[in-house]
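Each ligand, and each atom within it, is numbered from 1 in the order the structure gives.
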Amino acid sequence: MAGFPKKIENLITEISKLPGIGPKSAERIALHIISMDDYKVDSLVNAIKDARKNLHLCPICFNLTDKEVCDICSDSKRDHSTICVVEEVSDLYAIEKSGEYRGVYHVLHGRIDPMNHISVEDLKIKELVERVAKGGVKEVIIATNPNFNGDITSLYLQKVLKPFGVKISRIATGLPKGTEIDFVDSVTLIMAIKDRKEIK
Ligand SMILES: [Zn+2]
C-alpha cells in the first residue's frame, strides 16, 4: 500500500496540529489545498498573514482587535461595571453570538493547568486584578470552562478578587460537567449566564 508523497504528509501533519481537526479531516483539507487554484491558495495565505500582522490584544480586555482598543471596550452603551472572565477569545465570541450579554470581558488566554505547567503568571490574571482594583467594577462573572482546570482557575480568581468587595459569580449552572464553553449553543450559554450563582 502506497502512502502519500512526503510533501503531502508534511502538510497533513501541520494541519492536524490545528485545534479540532482529526487526522481524517487534516488529510481532506491537505488534499483540497493542493487541488486549489494558485490565486485561491494565495488569498488564503494572505488572509492568514494579514490577520496575524494587523491584530493585537486589546490593552484592556485582551480580546483580539485591529484597533487600539477593541470594539467592546470602546462601546459606551455596554455595561463596563460587569466583567465576564473567559479563558479564550473563542469563548468571548461564543457569548457574543448569544446577543444577550451587555457587559464587558476579560480574556485570560488560558486556564491554570498544573499538568501542562500553565500557572497564574502565564495568564492575564494580574491584569484582571489591576482592572478591578482601579474601581468602577460591580460584578465579575467567572465563565471559565466547567472542568477541572476551569474550576481551579475560578477558585483562584475568587481568592484574589475577594478583597475588593465586588460581587463574584460563576456561570456553568446547567452546563454539563466537562463541556467547553465555545461548543455550547447560544441558548444554553445565555441561560448559564442568567442563572449564574453569586459566590459568597
Ligand atoms: Zn477590549
Side chain to side chain contact (heavy atoms under 4.5 Å, CB included), paired with Ile142, selected from Ser154, Cys84, Ser169: Ser154

Quick one: which of Leu64, Val85, Leu92 gives a side chain to side chain contact (heavy atoms under 4.5 Å, CB included) with Val107? Leu92

Taking the Zn ion (ligand 1) as the center, what protein N, O or S atoms are found at less than 2.8 Å? Cys58 SG, Cys61 SG, Cys70 SG, Cys73 SG

List in chain and number order the residues that pass salt bridge (Lys or Arg N to Asp or Glu O under 4.0 Å) with Arg78, two or more places apart in sequence or in another chain; answer none if no residue qualifies. Glu96

Tyr156 reachable from Met115 in the ILVMFWY side-chain graph, under 4.5 Å edges: no

Do Pro23 and Ser16 come within less than 4.5 Å of each other through their side chains, counting heavy atoms only? no

State, with a plain yes or no, whether a side-chain heavy atom of Arg170 is found less than 4.5 Å away from one of Arg196. no

